[in-house]
Amino acid sequence: MKRRILSLLLIMSMSVSMLVGCGGNDKDNSKEPSKGTEAGTNKDTEKEDTTTKEDEIDTNIYSEKVELRSDSEKKVVAYYDPTVVECVAGEKEDGTPEVYLGEMWDVYATHTATAEDFMNYVISVMGGEIGKHEESSLSGYAVHYFTLVEPGTGAFWDKIYVLELDAGVALNFRMQGSIEEGSDLEKELAAIKFVVEE
């Protein structure tokens, strides 16, 4: 209920902001549509750049940031809108950083570039095989859901979520929600901008 009220307030404030910002400019505003819009894009031939540069982020909206744990050489910082995304950052018992971003629990950057690379790594370490693989495009991000099962019997072992960024970075996380359109995860991903640093 609390999230719905916050979402409603955010939509209302965005609507008012749009009305205030209308008109009064004779410049050519025929720029390409912003991320997340359908007009003018061909999804078959173009891939949206889901990794944003730090200087392109509107810090009035994405006013908070958190550095994610990374198993790769690349550093990943998540800028987020705190009115939409709740963030909890701390440490595990072994001192490893742990970040929860809304629906995404213990999110971290892997040393692999794609979801398939990450699953191949998991199978090489844990054994098992992929029982199920679903992919959704949520707010411009490619999100993958895998189940890991026991070879032969198909008995369930684990579920794994992976989010791919265009900079050759895969983020692994856990969650209880869904990766369907209209889910809480989709709304939260619209309020997060990931910056990948070499």
[X]-[Y] co-clustered via ILVMFWY side chain contacts under 4.5 Å:
{"X": "Y141", "Y": "V66", "value": "yes"}
{"X": "V84", "Y": "M175", "value": "yes"}
{"X": "V162", "Y": "M126", "value": "yes"}
{"X": "V122", "Y": "M104", "value": "no"}

Results of side-chain hydrogen bond (donor to acceptor under 3.5 Å, both in side chains) for [X] - residues two or more places apart only:
{"X": "S124", "result": "none"}
{"X": "T153", "result": "E150"}
{"X": "E116", "result": "none"}
{"X": "D158", "result": "R174"}

(request) Give every residue pair that meets the salt bridge (Lys or Arg N to Asp or Glu O under 4.0 Å) criterion with at least one member in residues 128-148, sequence neighbours excluded. (result)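 Found K132-E134.
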(message) I need the minimum non-hydrogen distance between L101 and A78, along with the two atoms involved.
(response)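 Minimum heavy-atom contact is CD1-CB, 3.8 Å.
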Is there side-chain contact between [X] and [Y], with heavy atoms separated by less than 4.5 Å?
{"X": "C87", "Y": "P82", "result": "no"}
{"X": "L189", "Y": "L163", "result": "yes"}
{"X": "V195", "Y": "V76", "result": "no"}
{"X": "Y79", "Y": "I192", "result": "no"}
{"X": "I130", "Y": "I123", "result": "yes"}
{"X": "F194", "Y": "L165", "result": "yes"}
{"X": "V107", "Y": "Y100", "result": "no"}
{"X": "L68", "Y": "L171", "result": "yes"}

(message) Suppose the criterion is ring pair (Phe, Tyr, Trp, His ring centres under 6.0 Å): which pairs have a residue in residues 166-189, not counting sequence neighbours?
(response)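 Sorted pair list: Y161-F173.
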(message) By the ring pair (Phe, Tyr, Trp, His ring centres under 6.0 Å) test, which pairs, at least two apart or in different chains, include something from residues 116-137?
(response)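 Found H111-Y121, H133-H144, H133-F146.
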Quick one: [atom1] on [X] to [atom2] on [Y], what's the gap to the nearest 0.5 Å?
{"X": "L185", "Y": "S139", "atom1": "CG", "atom2": "OG", "value": "8.0 Å"}
{"X": "I61", "Y": "K193", "atom1": "CD1", "atom2": "NZ", "value": "9.0 Å"}
{"X": "D81", "Y": "T59", "atom1": "CG", "atom2": "OG1", "value": "12.0 Å"}
{"X": "S178", "Y": "D184", "atom1": "OG", "atom2": "CG", "value": "8.0 Å"}
{"X": "I179", "Y": "Y145", "atom1": "CD1", "atom2": "OH", "value": "8.5 Å"}

Counting only N and O atoms by type, is there a donor-acceptor contact under 3.5 Å from the side chain of [X] to the main-chain atoms of [Y]?
{"X": "T114", "Y": "D117", "result": "yes"}
{"X": "E188", "Y": "E103", "result": "yes"}
{"X": "T110", "Y": "A170", "result": "yes"}
{"X": "R69", "Y": "P97", "result": "yes"}

Sequence neighbours left out, what passes salt bridge (charged side-chain N to carboxylate O under 4.0 Å, His left out) with [X]? Give chain and number order.
{"X": "K74", "value": "E198"}
{"X": "E180", "value": "none"}
{"X": "E197", "value": "K75"}
{"X": "K65", "value": "none"}

(request) Tell me, with the steps shown, if V88 and V99 meet side chain to side chain contact (heavy atoms under 4.5 Å, CB included). (result) CA-CA 6 Å; V88 178; V99 174; over 6 Å; no
(message) Going by the rule side chain to side chain contact (heavy atoms under 4.5 Å, CB included), which residues pair with D94 if we only count those two or more places apart in sequence or in a different chain?
(response)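 For D94, the residues satisfying side chain to side chain contact (heavy atoms under 4.5 Å, CB included) (neighbours in sequence not counted) are K92, T96.
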(message) side chain to side chain contact (heavy atoms under 4.5 Å, CB included) for E186 and E181? Distances and angles first, verdict last.
(response) CA-CA 6 Å; E186 181 177 39; E181 290 184 15; 4.0 Å; yes
(message) Apply side-chain hydrogen bond (donor to acceptor under 3.5 Å, both in side chains) to residues N172 and Y108 and explain how you reach the verdict.
(response) CA-CA 6 Å; N172 175 232; Y108 70 93; 3.2 Å; yes
